[in-house]
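The structure appears below as structure tokens.
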2 protein chains.
Amino acid sequence: MSDESVRLEEAREEFVTQWGIMGAQWGINRTMAQIHALLMTAPEVMSTDEVMETLAISRGNAHTNLKDLVSWGLIRIVTKKGERKEFFEAEKDVWEIFRRVARERKRREIDPALETLRNCKAASEDMKSAEGKAFHDQMGQLEDFVSFASKMGDRVASMQHGKAIKLAMKFFS
Amino acid sequence: MSDESVRLEEAREEFVTQWGIMGAQWGINRTMAQIHALLMTAPEVMSTDEVMETLAISRGNAHTNLKDLVSWGLIRIVTKKGERKEFFEAEKDVWEIFRRVARERKRREIDPALETLRNCKAASEDMKSAEGKAFHDQMGQLEDFVSFASKMGDRVASMQHGKAIKLAMKFFS
DNA sequence: ATCTGGTTTCAGTATTTACTGAAAGTTCAT
DNA sequence: ATGAACTTTCAGTAAATACTGAAACCAGAT
């Protein structure tokens, strides 16, 4: 193996490690983030066994996290003709990755949060005390904000790369 | 205690619980998020003992998380004259809360991630193989994106509420 | 209908993260 | 300098989370 491929593997390993740490800080399972990093930088599709081997993890663990990544839309299953095995391939376009994460987090976390805020707001709708009114008002403010974030998420998730770039320009003008 | 105050306490409890769950999903310690929710909806400043009592947690736990919240700029220490005890008060303005979280996450997580991406990019700068070039390119794309996110964070963190509203209008036009 | 190459599940275990409570430390009044 | 009121630390423990590996399952080839 040439010096260059060794260096490449080292760099990749560094990336996988760091992406794992970063994921953990954002509430994503470390292994899931590592598999994602691995596939994002894989020149070819990879099988479950290759992932297991590279990261030195068990079959069950690899399986669960690969399926989770599929459910997040961050990787997809590829089948080679003639082969029974499943292979995996990551979405590599950064903007697309962002869109998908935005869409899923909105669906899984923002929307339920919004629901709660609305309940809390409704529950304090008719309160007469200053404290009750203050609480109601606070819930209202939070709801407005989170609902704004939610709409943002929708908007972003449906935006094409080019459009996003233009918007970004506007933002920094 | 009137019916209304009971209902208010229930609603508040619901909010505290849910805010805790939401925090956990975003990589924030559940108790920290709960204390934050509690203080955000507190009509008055609260002491460590009151927080301990309300959430049924130990002194050490309350202390650590209160200090962490202070370091995130989400609550501040208030001293009453004549009293030796420290009291805590939350920032209640939603936009301000968002700004502070954005600023801290950028500082604590985005900037270090950027550092790593730059290293990985640099390490593969001169590679000749197609794989090496692809890796370098991928790191470049990620770096551009994260660096954009970082600048976004700065921008948002330094924006006044009114300005943000105007920008939001533009966004949805 | 059985075997082979593969996927999926899950009880048990390991690891990580968070929490407790008591002791040590600090600060201020006397 | 002593003590009361409060804050901080941290070793030990509990709880939550993630991982393993083996068994069950499934689909297609023979």
Side-chain angles (χ1 to χ4, degrees), chain A residues 16-39 45-72 74-89 108-109, chain B residues 16-39 45-72 74-89 108-109:
Chain A
V16 167
T17 304
Q18 290 299 131
W19 201 249
I21 292 170
M22 202 188 165
Q25 285 169 332
W26 288 82
I28 286 154
N29 162 319
R30 188 190 312 281
T31 304
M32 179 169 154
Q34 287 182 345
I35 298 180
H36 184 225
L38 191 65
L39 286 170
V45 297
M46 291 180 82
S47 66
T48 303
D49 294 74
E50 284 167 333
V51 170
M52 284 167 61
E53 164 125 9
T54 318
L55 298 177
I57 57 176
S58 74
R59 183 170 304 282
N61 193 10
H63 176 78
T64 310
N65 285 297
L66 282 165
K67 287 296 132 107
D68 280 357
L69 281 165
V70 169
S71 87
W72 276 76
L74 294 173
I75 66 174
R76 62 185 144 270
I77 298 172
V78 179
T79 44
K80 295 186 184 177
K81 51 186 169 184
E83 291 232 44
R84 207 135 118 204
K85 222 188 293 230
E86 288 183 338
F87 293 86
F88 301 90
E89 172 181 63
R108 298 175 190 222
E109 292 144 22
Chain B
V16 168
T17 304
Q18 290 300 130
W19 201 248
I21 292 170
M22 201 190 167
Q25 285 170 332
W26 288 81
I28 286 154
N29 162 320
R30 187 189 313 280
T31 304
M32 180 167 152
Q34 287 182 345
I35 298 180
H36 184 224
L38 190 66
L39 286 170
V45 297
M46 291 179 81
S47 66
T48 303
D49 294 74
E50 284 166 334
V51 171
M52 283 166 62
E53 164 126 7
T54 318
L55 298 178
I57 59 176
S58 73
R59 181 171 306 282
N61 194 11
H63 176 77
T64 309
N65 285 297
L66 282 165
K67 286 296 133 104
D68 280 357
L69 282 165
V70 170
S71 87
W72 277 75
L74 294 173
I75 66 173
R76 63 186 143 268
I77 299 170
V78 179
T79 42
K80 295 187 184 177
K81 52 185 168 184
E83 292 231 44
R84 202 133 121 208
K85 221 187 294 226
E86 289 184 339
F87 294 86
F88 300 91
E89 172 182 63
R108 298 176 191 221
E109 292 143 23

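Each chain gets a letter, A, B and so on, in the order the sequences are listed, and its residues count up from 1. All values below were derived from every heavy atom in this structure, side-chain atoms included, with hydrogens, water molecules and symmetry-related copies excluded.
- Classification of the A:W26-B:W26 ring pair by plane angle, with boundaries at 30° and 60°, yields perpendicular.
- In the helix from C:dA1-D:dT30 to C:dT30-D:dA1, the end axes, each obtained as the rotation axis mapping the C1' atoms of four pairs onto the next four within a five-pair block, lie 0° apart to the nearest 10 degrees.
- Atoms CG and CE, from B:L74 and B:M32 in turn, are 6.0 Å apart once rounded to the nearest 0.5 Å.
- Two residues are said to be in side-chain contact when any heavy atoms from C-beta on lie closer than 4.5 Å; A:V70 and A:R76 fail this criterion.
- Along DNA chain D, read 5' to 3', the first and last nucleotides having any atom under 4.0 Å from a heavy atom of chain B are D:dA4 to D:dT17.
- B:E83 places no side-chain N or O within donor-acceptor distance of the main-chain N or O of B:K80, the cut-off being under 3.5 Å.
- The minimum heavy-atom distance between A:G23 and A:A33, with the atom names listed, is CA-CB, 4.1 Å.
- Separating the CD atom in B:E50 from the CD atom in B:E53 is a distance of 8.5 Å, to the nearest 0.5 Å.
- A donor-acceptor pair is defined here as one N or O able to donate and one able to accept, closer than 3.5 Å; no such pair exists between the side chain of B:N61 and the backbone of B:I57.
- Closest approach of A:T79 and A:K85 over heavy atoms only: CG2-O, 4.2 Å.
- Of the residues in residues 49-69 of chain A, those with a non-hydrogen atom less than 4.0 angstrom from any atom of DNA chain C are A:R59, A:G60, A:H63, A:K67.
- Across residues 18-27 of chain A, not one residue has a non-hydrogen atom less than 4.0 Å from an atom of DNA chain D.
- In this structure, B:D49 CG and B:F87 CZ are separated by 9.0 Å, a value rounded to the nearest 0.5 Å.
- In this structure A:S71 satisfies the side-chain hydrogen bond (donor to acceptor under 3.5 Å, both in side chains) test together with A:R108, sequence neighbours excluded.
- Taking every heavy atom of residues 74-87 of chain B and every atom of DNA chain D, pairs under 4.0 Å involve B:R84, B:K85, B:E86, by number.
- The closest side-chain heavy-atom distance from B:L55 to B:V16 is below 4.5 Å.
- We find the CD-CD1 distance between B:Q34 and B:I21 to be 8.5 Å, quoted to the nearest 0.5 Å.
- Nearest approach of B:M52 to B:S58, heavy atoms of both residues: CG-O, 3.9 Å.
- In terms of heavy atoms, A:A24 sits closest to A:R30 at CB-NH1, 4.2 Å.
- With B:F88 as the partner, the side-chain contact (heavy atoms from CB on, under 4.5 Å) test is satisfied by one option alone out of B:L69, B:V51, B:T48: B:T48.
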